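Just below is one structure, and these are the notes that go with it.
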Amino acid sequence: ETLREYEEYMRQLRHNQDQVGRTGLSESELEAAARHETEEDQQFAVFRRRVRREPEQVLRYELGGEPLWVSSQHVPSTEDIPACQCGAPRQFEFQVMPQLLNYLHVDSLQESVDWGTLAVYTCRNSCDQGPAYHPEFLWKQDYSQE
C-alpha cells in the first residue's frame, strides 16, 4: 500500500514537472508568481479577518491611522497623496468599505461601480482657509489590478 502511494506521488510529481516545462516559464518565474499570489492571499486574509468582526460595516473611521487594504497592490505611497490646498500634508481619515455595494444593490459589475476600498485623506491641520468645505483626496483600490 505504501509503495503504491509513493509510486503515485512520483507519477504526479513527474506530471507536474512536465507541466512546468510546457508553460514556457522558468521555475524561478513560477516561484515568483506563487510568492506574489501568497502575499495577495495573506493581505486579503487580514482584510477578511478584520471585516468579520463587523461584516455590515460600510464606513471605517481611524483619523491618522492606516486603511485596511484588500490587496497589497495599488497601495499609495506618501508621494501619491497630494498636500492640501493650504500646503499641509493629508492623513488617512476614513474608508468606504466594499460592503456598501450590497446596500446599493449592485449586482452587475460590467455596468456599475466596484471597488475593494475607498480611502479618504484629509488635511492634517484641519485648515479653515477659504470656503467651509474643501475637496479631500480619495484613493480607490480595486480587488486586483489584473
Side-chain angles (χ1 to χ4, degrees), residues 5 8-146:
E5 289 175 3
E8 178 58 31
Y9 169 77
M10 292 305 290
R11 252 192 309 279
Q12 189 64 36
L13 183 62
R14 279 191 295 276
H15 173 74
N16 290 345
Q17 288 173 341
D18 288 345
Q19 294 301 319
V20 167
R22 289 188 193 135
T23 65
L25 299 174
S26 69
E27 279 190 52
S28 62
E29 290 172 317
L30 289 170
E31 287 174 7
R35 261 194 312 280
H36 173 72
E37 185 174 309
T38 301
E39 290 169 10
E40 286 300 303
D41 291 345
Q42 290 172 351
Q43 181 61 41
F44 189 65
V46 168
F47 180 82
R48 273 195 347 252
R49 273 194 305 274
R50 186 70 181 268
V51 168
R52 200 174 295 140
R53 295 180 193 169
E54 290 294 332
E56 295 182 15
Q57 181 182 31
V58 295
L59 290 177
R60 184 174 166 274
Y61 186 85
E62 189 178 356
L63 181 62
E66 289 293 323
L68 182 59
W69 301 112
V70 299
S71 168
S72 60
Q73 295 182 15
H74 198 58
V75 174
S77 67
T78 305
E79 294 79 33
D80 290 326
I81 301 168
C84 178
Q85 63 189 23
C86 75
R90 294 181 193 269
Q91 64 183 348
F92 171 72
E93 184 162 348
F94 70 94
Q95 70 188 106
V96 180
M97 304 297 282
Q99 290 83 331
L100 179 62
L101 296 168
N102 293 328
Y103 293 101
L104 297 175
H105 303 291
V106 174
D107 56 3
S108 174
L109 297 180
Q110 290 80 15
E111 300 175 10
S112 74
V113 297
D114 185 26
W115 66 81
T117 193
L118 302 173
V120 178
Y121 293 82
T122 59
C123 180
R124 184 169 285 151
N125 293 342
S126 295
C127 67
D128 59 1
Q129 298 175 354
Y133 296 101
H134 301 282
E136 302 299 357
F137 179 75
L138 179 126
W139 185 271
K140 178 181 182 259
Q141 184 192 46
D142 292 319
Y143 281 103
S144 175
Q145 300 303 307
E146 299 168 8

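Here the structure is a predicted model, which is why all the values come from computation and not from measurement.
Annotation: side chain to side chain contact (heavy atoms under 4.5 Å, CB included) contacts of P67 (sequence neighbours excluded): W69, F92, Q95, A119, Y121. Residues meeting the side chain to side chain contact (heavy atoms under 4.5 Å, CB included) test with A88, sequence neighbours left out: C86, C123, N125. R53 meets the side chain to side chain contact (heavy atoms under 4.5 Å, CB included) test with R50; sequence neighbours excluded. Taking Q57 as the reference, E54, R60 meet the side chain to side chain contact (heavy atoms under 4.5 Å, CB included) condition, with sequence neighbours excluded.
Between V96 and W115, the closest heavy-atom pair is O-NE1, 3.5 Å. The nearest pair of heavy atoms linking L63 to T122 is CD1-OG1, 4.4 Å. For the pair G64 and Q91, the tightest heavy-atom approach, listed with the atom from each and the gap, is CA-OE1, 3.6 Å. Between F47 and M97 the shortest heavy-atom distance is CE1-CE, 3.8 Å. Listed here is the closest heavy atom pair of L68 and T117: O-CG2, 4.1 Å.
In terms of modelled atom types and a separation under 3.5 Å, the side chain of Q141 and the main chain of S71 share a donor-acceptor contact. Checked by atom type and distance alone, the side chain of H74 pairs as donor or acceptor with a backbone atom of K140 at under 3.5 Å.
Identified under the salt bridge (charged side-chain N to carboxylate O under 4.0 Å, His left out) test for residues 66-95, with sequence neighbours left out: R90-E136.
One distance of note links CG of L118 with CG of L59; it measures 10.0 Å at 0.5 Å rounding.
Within a 6.0 Å sphere centred on CZ of F94, heavy atoms belonging to other residues, nucleotides or ligands number 12 at most.
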